[in-house]
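What follows is a single structure, written as structure tokens, with notes after it.
Positions are given from 1, in the same order as the sequence printed here.
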Amino acid sequence: MYLIIRTALIAALATASPLLAEETTDLVKKLKGNGGTTTRGLTRGFNKPSGSTRSVVLGASRGIPTSIKAAAEEDSLSMTKPQAHAGSSKKTITVSYKVDDSSQVTRNNILFQRGSTEFTDEASYKAIAELSAALRNPELATFKFVIEGHASADGDQWKNQKLSQLRAEKIKTVMVALGVPNANLIPIGFGEAKAIHAENAPETKLRLDRKVIIFRLNK
């Protein structure tokens with residue numbers, strides 16, 4: 001798997017246009033959000049908070065992703081005990097975490113093959129490479145980031161959730177291969193929980209719900 005990813009990365013990066021220094025700086029600032037400013041070499045601490053809590057319901061019967069368990073053990077996020085899901089025999093858990101809203105970066109140009117964790121094109125690798133270049137910046141070294149995978153409403157709800165988790169994990173794998181610290185990234189699949197368009201909407205609208213969102217965690 002790593003060899004396949006590395007080969008695809010080399011092919012994508014060989015034809016990639018490097019980000020301008022200003023673009024990388026802007027992306028770092030965006031990902032940093034209200035993570036503090038520096039004056040005369042002294043950290044002033046956090047600016048006025050602009051945080052909120054994000055939550056997603058996961059199917060407990062399918063097993064809790066290892067990355068989410070590990071993040072819960074580190075208190076990076078909270079996780080409820082398995083409980084009966086309304087109107088169903090399934091048991092679910094709710095995962096919640098605090099984010100800095102001002103740090104939100106959205107990418108809907110990271111595209112996957114239908115029902116797969118394989119990217120559709122080299123442009124998707126290039127988009128991840130750009131994000132990785134920013135996330136490697138020393139200014140972001142002390143922060144943790146959530147990689148949210150989102151799906152459109154077409155298809156089975158629980159399959160969409162599982163697939164979006166696997167896709168978020170795939171993105172993390174690529175980012176780590178590009179030098180982003182493993183401990184700084186938490187992949188979480190939202191499935192269709194945040195989808196805006198109905199499952200019978202035209203493809204031009206459905207594809208807008210298949211996106212990746214990155215937030216900086218707030219402690």
Side-chain angles (χ1 to χ4, degrees), residues 2 4-52 54 67 71 76 97-112 117-150 164 167-188 190 207-208 210-219:
Y2 180 80
I4 294 174
I5 291 174
R6 182 174 176 79
T7 301
L9 282 172
I10 292 173
L13 296 178
T15 57
S17 299
L19 282 177
L20 295 175
E22 308 87 72
E23 294 176 320
T24 302
T25 299
D26 288 344
L27 189 51
V28 169
K29 286 181 179 178
K30 182 65 176 174
L31 289 164
K32 193 174 184 180
N34 285 330
T37 56
T38 300
T39 302
R40 295 181 182 176
L42 300 176
T43 300
R44 296 174 55 194
F46 287 87
N47 298 323
K48 184 177 179 180
S50 62
S52 64
R54 306 272 294 177
S67 57
S76 295
Y97 49 93
K98 295 179 180 180
V99 301
D100 179 350
D101 294 324
S102 66
S103 70
Q104 178 179 337
V105 171
T106 304
R107 288 289 183 273
N108 56 8
N109 58 342
I110 299 176
L111 306 176
F112 294 88
T117 60
E118 296 301 316
F119 298 114
T120 58
D121 52 27
E122 290 183 359
S124 296
Y125 279 104
K126 292 176 184 178
I128 297 174
E130 292 174 355
L131 288 169
S132 299
L135 287 166
R136 289 195 305 268
N137 190 289
E139 290 186 40
L140 303 180
T142 61
F143 298 124
K144 288 183 181 292
F145 296 86
V146 173
I147 303 170
E148 292 184 358
H150 292 266
S164 67
R167 286 173 170 174
E169 291 175 1
K170 173 67 173 289
I171 291 169
K172 174 181 177 177
T173 298
V174 176
M175 286 184 166
V176 170
L178 287 170
V180 181
N182 179 72
N184 289 12
L185 305 175
I186 303 173
I188 298 180
F190 266 68
R207 68 185 182 192
L208 298 177
R210 300 171 191 144
K211 59 192 175 187
V212 175
I213 301 178
I214 297 179
F215 284 102
R216 180 181 64 76
L217 280 184
N218 259 350
K219 283 288 190 176

Are any non-hydrogen side-chain atoms of [X] and [Y] less than 4.5 angstrom apart?
X	Y	answer
Asn182	Asn184	no
Tyr125	Val174	yes
His150	Ile213	yes

Say you draw a straight line from [atom1] of [X] to [atom2] of [Y]; how long is it, rounded to the nearest 0.5 Å?
X	Y	atom1	atom2	value
Lys98	Ser76	NZ	OG	13.0 Å
Ser103	Asn218	OG	CG	7.5 Å
Arg207	Leu111	CZ	CG	8.5 Å
Lys126	Leu131	NZ	CG	15.0 Å
Phe112	Thr120	CZ	OG1	9.0 Å
Ile147	Glu169	CD1	CD	10.0 Å

Side chains of residues 132-142: which donor-acceptor partners sit under 3.5 Å, not counting sequence neighbours?
from, atom 1, to, atom 2, distance (Å)
Ser132, OG, Ile128, O, 2.8
Arg136, NH1, Leu178, O, 2.8
Asn137, OD1, Glu139, N, 2.8
Glu139, OE1, Lys32, NZ, 3.4

Check against side-chain hydrogen bond (donor to acceptor under 3.5 Å, both in side chains), Gln104 and Thr106 = CA-CA 7 Å; Gln104 178 179 337; Thr106 304; 3.0 Å; yes

Please confirm whether [X] makes a cation-pi placement over [Y], using NZ or CZ under 6.0 Å from the six-membered ring centre and within 45° of the ring normal.
X	Y	value
Arg216	Phe143	yes
Lys172	Phe145	no
Arg167	Phe119	no

query = Any donor and acceptor pair, going by atom type alone, linking the side chain of Lys144 with main-chain N or O of Leu217 inside 3.5 Å?
reply = no

task = Ignoring hydrogens and angles, tell me if any N or O in the side chain of Asp121 forms a donor-acceptor pair with the backbone of Ser124 under 3.5 Å.
result =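 Checking the backbone N and O of Ser124 against the side chain of Asp121, a donor-acceptor pair under 3.5 Å is found.
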
key: Nearest heavy atoms of Gly149 and Ala168, plus distance in Å   = N-CB, 4.1 Å

query = Can you name the one residue among Ile171, Thr173, Ile214, Val180 that meets side-chain contact (heavy atoms from CB on, under 4.5 Å) with Leu185?
reply =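 Option passing the side-chain contact (heavy atoms from CB on, under 4.5 Å) with Leu185: Val180.
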
request  = Answer yes or no: is there an ion pair linking Glu148 with Arg54, defined by an N-O contact shorter than 4.0 Å?
outcome  =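 Salt bridge: yes.
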
request  = Take Phe215 and Asp100 through the side chain to side chain contact (heavy atoms under 4.5 Å, CB included) test and state the conclusion after the steps.
outcome  = CA-CA 7 Å; Phe215 284 102; Asp100 179 350; over 6 Å; no

